Amino acid sequence: MKIATWNVNSLKIRLPHVLDWLAEHRPDALCLQELKQEEKAFPFAELEAAGYHAVVNGQKTYNGVAILTPAAATDVVRDIPGFADEQKRIIAATVDGVRVICGYFPNGQAVGSDKFDYKMRWLAALTEWVGAEMARHPQLVLTGDFNIAPEARDAHPDWKDEIHVSAPERAAFEALTALGLVDAFRLFEQPERAFSWWDYRMMAFRRNFGLRIDHILVSPALRAACRACSVDKAPRRLERPSDHAPVVLTLER
DNA sequence: ATGCCAGCTTAGAGCTGA
């Protein structure tokens, strides 16, 4: 079973890349973030022609998430239950017995800003809910654009901003791992300076000036089934790429 | 210190992203 996450930075623009990637990799679940479109604009027909169903939590201009699967996913939840939020950042569904939570975590803009406060409140609410989901669904994957580089090695040494690498953000990430979730990427040997996002500016991709902020976390019941996890940099090299690359987990099941 | 790029928006320069 193959589960992947990809922040596409506008599905309208990136649909050709997504269709090509689906054809090449045939994932059992592809979690998308930053659709930047409402569900009524979502390309259901094009994806269906490619052999994929979709569950969508859409929003115009900003945010928006979806899970693509070969067969229809079940038990869909949109947004964090009990957390009042205008922003469409969460969708969860069950895929072949695995609970898949797809999240577009808040950016936070700058440590100490209102947006940072929102990020921290959002993370607290998410963590409480994910704990409850894990109790209901022992086989669970939490994936998406976390907008947190969990450790020093997950950011280029020249990254100077505090955002994405600050102590409170890293503590929030550790609160998720304290639930028992494991960063699947770190179960396997990886290249030095392995990142999943590179700024469009300053030739950042060419210089590999990036961050690893897109993650796939697995519950204890899935840990032993993990066979591989890697960043696929190929789509970042295409014309008009997203600024993020997909991250892919292979499970033996 | 700011813009550098990219995508969005009831069309435009401004916001947001990371």
Side-chain angles (χ1 to χ4, degrees), chain A residues 5-19 31-43 56-66 85-90 102-123 126 143-173 183 185 193-216 231 233 235-247:
Chain A
T5 182
W6 193 3
N7 179 324
V8 291
N9 184 22
S10 166
L11 184 57
K12 180 182 174 183
I13 299 294
R14 229 66 64 195
L15 181 61
H17 290 9
V18 171
L19 292 172
C31 297
L32 300 177
Q33 303 90 38
E34 282 208 85
L35 306 178
K36 299 187 175 183
Q37 64 186 356
E38 294 179 299
E39 182 162 2
K40 65 187 179 191
F42 190 87
V56 180
N57 191 8
Q59 183 180 339
K60 197 175 176 180
T61 312
Y62 302 117
N63 312 311
V65 288
D85 192 357
E86 299 295 305
Q87 305 186 30
K88 303 304 185 186
R89 297 182 173 277
I90 284 287
C102 167
Y104 173 49
F105 294 34
N107 175 302
Q109 200 167 61
V111 175
S113 66
D114 288 349
K115 286 176 180 163
F116 188 80
D117 292 342
Y118 164 70
K119 181 176 193 172
M120 299 311 296
R121 287 189 293 108
W122 190 94
L123 283 161
L126 175 80
T143 188
D145 176 0
F146 284 52
N147 272 314
I148 301 171
E151 298 178 56
R153 60 181 168 166
D154 298 316
H156 190 281
D158 294 338
W159 181 262
K160 295 302 179 204
D161 287 342
E162 279 192 292
I163 197 66
H164 309 303
V165 302
S166 73
E169 290 165 275
R170 285 178 168 166
F173 187 90
D183 182 352
F185 190 76
R193 298 187 184 179
F195 306 128
S196 65
W197 169 85
W198 303 262
D199 201 302
Y200 284 120
R201 299 164 291 185
M202 305 174 292
M203 295 182 291
F205 183 68
R206 219 174 68 181
R207 297 188 294 126
N208 194 33
F209 183 78
L211 300 171
R212 192 177 71 92
I213 53 179
D214 300 272
H215 305 300
I216 304 178
V231 176
K233 292 171 79 169
R236 188 64 176 79
R237 299 190 184 96
L238 300 172
E239 292 288 316
R240 267 193 120 175
S242 169
D243 43 355
H244 295 252
V247 182

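In what follows, every chain begins at residue 1, and chains take the letters A, B, ... in the order their sequences are listed. The structure presented is a predicted model; accordingly, all values stated were derived computationally and were not measured. Hydrogens, waters and symmetry mates play no part in the numbers below; they use all other heavy atoms, side chains included.
One interatomic measurement links the two molecules: CG of A:Leu35 to P of B:dC8, which rounds to 11 Å at whole-angstrom precision. Separating the CG atom of A:Leu11 from the P atom of B:dC8 is a distance of 10 Å, rounded to the nearest angstrom. Remark: C1' of B:dC5 and CZ of A:Phe209 are 14 Å apart, rounded to the nearest angstrom. Taking atom CZ of A:Arg236 as the reference point, atom C1' of B:dA6 lies 10 Å away to the nearest angstrom. Computed from coordinates, the A:Arg207 CZ to B:dC4 P distance equals 16 Å when rounded to whole Å. At whole-Å resolution of the value, CD in A:Gln37 and P in B:dC8 are 9 Å apart. Atoms CD1 (A:Ile13) and P (B:dT9) sit 10 Å apart, rounded to a whole Å.
Taking side-chain N and O atoms only, A:Arg240 has no distance below 4.0 Å to OP1 or OP2 of B:dC5. For the OP1/OP2 pair of B:dC8 and a distance below 4.0 Å, the side-chain nitrogens and oxygens of A:Ser10 include at least one atom meeting the criterion. For the OP1/OP2 pair of B:dT10 and a distance below 4.0 Å, the side-chain nitrogens and oxygens of A:Lys60 include at least one atom meeting the criterion.
Counting only residues at least two apart or in different chains, salt bridge (Lys or Arg N to Asp or Glu O under 4.0 Å) contacts with residues 106-121 of chain A comprise A:Lys119-A:Glu169.
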At under 4.0 Å between heavy atoms, which parts of nucleotides 13-18 of chain B does protein reach? Answer with one letter per nucleotide, 5' to 3': B base, S sugar-phosphate only, - none.
-> ---SBB

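Partners of A:Arg89 by salt bridge (charged side-chain N to carboxylate O under 4.0 Å, His left out), not counting sequence neighbours: none found. The salt bridge (charged side-chain N to carboxylate O under 4.0 Å, His left out) check on A:Arg193 picks up nothing, with sequence neighbours excluded. In terms of the side chain to side chain donor-acceptor pair (under 3.5 Å) criterion, residue partners of A:Arg153 (sequence neighbours excluded) are, by chain and number, A:Glu151. With sequence neighbours excluded, the residues that form a salt bridge (charged side-chain N to carboxylate O under 4.0 Å, His left out) with A:Asp154 are A:Arg186, A:Arg212.
A 4.5 Å side-chain heavy-atom check between A:Tyr62 and A:Gln87 finds every atom pair outside the cut-off. Residues A:Arg206 and A:Trp198 form no side-chain contact, since every pair of their non-hydrogen atoms from C-beta on lies 4.5 Å or further apart.
Rounded to the nearest Å, the gap between the C1' atom of B:dA11 and that of B:dG7 is 15 Å. Using atom C1' as the reference point in both B:dT10 and B:dG14, the two lie 15 Å apart (nearest Å). Between B:dG17 and B:dG12, the distance separating the two P atoms is 25 Å to the nearest Å.
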